[in-house]
Each structure stands twice: as C-alpha cells, then as structure tokens.
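Reading through the structure tokens given below for one structure.
We use all heavy atoms of the structure for the numbers below, so side chains are in, but hydrogens, waters and symmetry mates are not. Quantities reported herein were computed from a predicted structural model and do not represent experimental measurements. Numbering starts at 1 and runs along the sequence shown.
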Amino acid sequence: MKKLIMACGVAALMLGAVSCGNSSSSNSANKGFGDSLSVAMGDAQGSRLLSEYMTLPEDQKEKINKEDLLRGLKQVIMTDTTQQGYLTGISFGLQLVGQLFRYEEAGVPIDRAKLYEAYAKAFTADTINSEAMREAQTTFQMLAEQAQQKMMEFYQQKEAEAKAAKENSPEAKENIAAGEAYLKDQMAKDPSIKVTASGLGYKVISEGEGEAVGSNGSAKVKYTGKLIDGTEFDKNSDGVTMNPNRVVPGFGEGLSMMKNGAHYILYIPGNLAYGVDGNPQAGIAPNAMLVFEVETSDVTPAN
C-alpha cells in the first residue's frame with residue numbers, strides 16, 4: 001500500500017516533467033489521445049489500489065480512509081505541473097514518511113517538526129561543509145542502526161505474540177485434541193499402528209526392500225492426503241520425486257523410513273504438519289492432523 005501511494009507521487013513528478021516540455025499545439029493535437037489515456041490510467045491504477053486495499057485487515061482500513069486517500073492523491077495530481085521543485089519535494093517527502101512510519105510503529109518517536117527544521121537548515125545552506133556532512137552521516141548511521149535494532153526487537157515480539165495467539169486459539173486447541181483422539185481411536189482398532197518419539201503415527205502396509213530413503217535421500221512418491229474426516233485435499237497418482245527435507249516434518253520423517261516399494265499410512269499431528277498457520281488454500285485448518293497414504297519407488301538412499 002505504502003509503495004503504491006509513493007509511486008503515485010513519483011508518477012505525478014514524471015507527468016509534470018513530461019508536460020513542461022510539450023507545446024500548446026502538441027497538447028491540442030493529442031487531446032483526444034490524452035483524454036483516453038487519462039481515463040485508462042485512472043481506471044487501471046484505481047482498480048489496482050482497490051485490490052490491495054481490500055486485502056488490508058479491518059483495523060488498517062480504518063486508519064487508511066478512502067476519502068482521505070483520494071484527497072491526498074488529488075492534491076498531488078492536481079498540482080501545477082510547472083512547479084517541479086514542489087513535486088520533487090512531495091516525492092522525497094513520501095519516501096521519507098515511509099521510513100517514519102516504520103520507526104513510529106516500532107515505538108521510536110519522531111519529532112517531525114525537528115526533523116523538518118534540521119532538513120531545511122542543512123539543505124538551504126550556502127556552502128557544503130564536507131567534514132560536517134561526514135559527521136552528520138556518521139551520527140545518523142549510528143542512530144539508525146540503534147533504531148533498526150529496536151524495530152527488529154519490536155517485530156520479533158509482535159511475531160511471537162501473533163504465534164502465541166494462534167496457538168492458544170480455540171480452533172487450534174480443538175484440532176490438537178481432535179487429532180490426538182483420532183489417532184488413539186485408530187490405534188485401538190489397529191494395533192499395528194506405531195508412534196515415533198516425535199508423535200508421528202504410521203502403519204506399514206508393505207515394508208519394501210533395500211535401504212531406506214534416509215534424511216537426505218529421495219524417492220518417487222505416490223500419495224493421497226486426507227483430513228481426519230476423510231476429506232481429500234491432495235493427491236498424486238503418477239508419482240513425484242520427493243526429498244524428506246523439502247516437505248512438512250511429519251511427512252519427511254515418514255518418508256525417510258520407507259524403502260523401495262514400501263506402502264505406508266502416515267498419521268501426521270498438526271505440529272508436524274502445517275502447525276498453527278494451517279494451509280487455508282488447501283482447506284487445512286490450524287493444527288489439523290493429516291493422514292497420508294504413501295507409496296515409494298525409485299529410492300535413492302541418503303549418502
């Protein structure tokens with residue numbers, strides 16, 4: 001969103017540069033074309049901005065009111081395009097304010113009046129003091145690194161809080177309990193189902209022969225993936241080459257145990273599958289247990 005808004009300012013600056021070089025006769029001759037281009041540009045850019053806007057969380061939509069956004073946009077594009085300095089200042093200001101947003105979001109207060117005062121004083125000086133400029137750059141670099149560290153700590157904390165919220169959500173907890181109950185029920189019905197130290201359940205239908213795939217080997221795999229209610233979310237009947245290190249942990253652990261020609265059923269608990277994030281596109285809820293029927297061939301064992 002911020003990038004797109006800043007791009008609007010840059011676009012206005014470029015349009016201003018172009019318009020200044022055009023003669024009135026050229027403008028008159030191209031008016032019809034220009035009108036068509038204007039409508040097409042507005043329609044395309046407005047639709048693109050809307051598509052990004054619609055993906056924002058509701059709390060961010062409240063902060064970025066459509067009418068306010070359009071008012072700012074109009075102020076830029078309706079500016080006299082002969083005022084190149086003003087348009088350039090807007091462009092630089094939009095780039096700078098993006099940085100301010102990140103600092104302030106991380107809890108680093110920025111006094112914008114002091115920032116502008118220092119900026120204007122430095123820019124309107126009659127001469128350049130190379131030594132003073134180097135000192136200013138050194139000081140800014142040192143403070144910027146400290147601010148960057150604060151920002152990193154802030155985002156790490158936000159990420160940890162978001163993860164904790166997901167882990168403690170009713171849906172995530174319910175799915176963990178449902179997966180455990182399902183595996184317990186399946187084991188009661190079929191004593192041949194075993195569980196590894198990590199919690200992965202597996203049933204050997206056919207052992208296969210030769211060496212196992214191992215942790216960094218590969219095999220051609222045919223599989224069917226289902227949820228515990230029997231809903232199928234993925235399937236490959238032709239076979240695809242897989243490496244245990246490039247799939248979800250539970251599938252990788254199961255695959256690493258399999259030999260050439262093996263046929264297993266894997267019961268993968270949520271923490272060894274897609275975890276608290278789930279996989280919404282595949283219809284996999286947070287911490288959902290997955291059940292895979294897996295067959296291997298063309299095994300290349302680990303080195």
If hydrophobic clusters are built from ILVMFWY residues whose side chains come within less than 4.5 Å, do V108 and L100 share one? yes

Report yes or no: do E159 and Y155 form a side-chain donor-acceptor pair below 3.5 Å? no

What is the distance from atom CD of E174 to atom CG of N287, rounded to the nearest 0.5 Å? 11.5 Å

CD/E67: more than 12 non-hydrogen atoms of other groups inside 6.0 Å: no

Between NZ of K184 and CD1 of I193, what distance do you get to the nearest 0.5 Å? 14.0 Å

Under 4.0 Å between a side-chain nitrogen and a carboxylate oxygen: does that hold for K189 and D185? yes

Is it the case that more than 12 heavy atoms not belonging to M142 sit under 6.0 Å from its CE atom? yes

Between S256 and A212, the two heavy atoms sitting closest are O-CB, 3.5 Å

Tell me whether T231 contacts the main-chain N or O of L227 through its side chain, where contact means a donor paired with an acceptor under 3.5 Å. no

Establish whether V276 and L290 are linked, either directly or via other cluster members, by ILVMFWY side-chain heavy-atom contacts under 4.5 Å. no

Among V195, L272, L183, find the residue that satisfies the side-chain contact (heavy atoms from CB on, under 4.5 Å) test when tested with L200. L272

If you group Ile, Leu, Val, Met, Phe, Trp and Tyr by side-chain heavy-atom gaps below 4.5 Å, do L70 and M78 land in one group? yes

Consider only side-chain N and O atoms of Q99 and Q95, and report whether a donor and an acceptor are under 3.5 Å apart. no

F251 and V221: which non-hydrogen atoms are nearest, and at how many Å? CZ-CG1, 4.2 Å

Got a second to check how far N271's CG is from I268's CD1, nearest 0.5 Å? 10.5 Å

Donor-acceptor pair, distance only, cut-off 3.5 Å: does the side chain of S36 make one with the backbone of G32? yes

Is the shortest heavy-atom distance from the side chain of V240 to the side chain of M242 under 4.5 Å? yes

Salt bridge between D190 and K203, side-chain N to carboxylate O under 4.0 Å? yes

Joint hydrophobic cluster, L255 plus I205, side-chain heavy atoms closer than 4.5 Å: no

Could you check whether E253 and Y202, counting side-chain N and O atoms only, form a donor-acceptor pair closer than 3.5 Å? no

Applying salt bridge (Lys or Arg N to Asp or Glu O under 4.0 Å) to E293 and not counting sequence neighbours gives none

Side chain to side chain, T241 and T300, heavy atoms closer than 4.5 Å: no

With side chains defined as the heavy atoms from C-beta onward, is the minimum distance between N175 and M289 less than 4.5 Å? no

Q75 atom CD, neighbour heavy-atom count above 12 within 6.0 Å: no

Given side chains that start at C-beta, do those of K222 and S237 come closer than 4.5 Å, heavy atoms only? no

Which distance, rounded to the nearest 0.5 Å, do you find between the CG of D68 and the NZ of K63? 14.0 Å

Heavy atoms of V294 and M258 approach each other most closely as O-CE, 3.4 Å

Partners meeting side chain to side chain contact (heavy atoms under 4.5 Å, CB included) with D298 (sequence neighbours left out): K220

Looking at K61, I want to see if its NZ is surrounded by more than 12 non-hydrogen atoms of other residues, nucleotides or ligands under 6.0 Å. yes

Without swapping roles, check the side chain of N168 against the backbone of A164 for a donor-acceptor pair under 3.5 Å. yes

R112 and E117 ion-paired at < 4.0 Å: no

Counting C-beta onward and ignoring hydrogens, is there a side-chain heavy-atom pair between E211 and K259 closer than 4.5 Å? no

Interatomic distance, Q186 atom CD to S192 atom OG [nearest 0.5 angstrom]: 10.5 Å

State, to 0.1 Å, how close M257 and Y264 come at their nearest heavy-atom pair, and which atoms those are. O-OH, 3.7 Å

On a heavy-atom basis, which atom in E232 and which in K226 lie closest, and how many Å separate them? CA-CG, 4.0 Å

Decide yes or no for Q137 and Q141: does some side-chain heavy atom of the first lie under 4.5 Å from some side-chain heavy atom of the second? no

Decide yes or no for V204 and I265: does some side-chain heavy atom of the first lie under 4.5 Å from some side-chain heavy atom of the second? no

Donor-acceptor contact below 3.5 Å, side chain Y53 vs main chain I64: yes

Residues in side chain to side chain donor-acceptor pair (under 3.5 Å) contact with Q149, at least two apart in sequence or another chain: E153

Minimal non-hydrogen separation, G261 against S206, with atom names: O-OG, 3.6 Å

Give a yes or no on whether V247 and Y223 share a hydrophobic cluster (residues Ile, Leu, Val, Met, Phe, Trp, Tyr; joining criterion: side-chain heavy atoms under 4.5 Å apart). yes

Crowded around I128 CD1? As in, over 12 foreign heavy atoms under 6.0 Å? no

Is the ring centre of F292 less than 6.0 Å from the ring centre of F233? yes

Please check: side-chain N/O of S47 versus main-chain N/O of A44, any donor-acceptor pairing under 3.5 Å? no

Please check if the side chain of N245 supplies one atom and the backbone of G252 the other of a donor-acceptor pair under 3.5 Å. no

4.5 Å side-chain heavy-atom contact, L266 and V291: no

State the CZ-CG distance between R71 and N65, to the nearest 0.5 angstrom. 9.0 Å

Checking Q157 against E161 for the side chain to side chain donor-acceptor pair (under 3.5 Å) test, could you report, in this order, the C-alpha distance in whole Å, the side-chain angles of both residues, the deciding distance, and whether it holds? CA-CA 6 Å; Q157 180 180 349; E161 290 174 353; 3.0 Å; yes

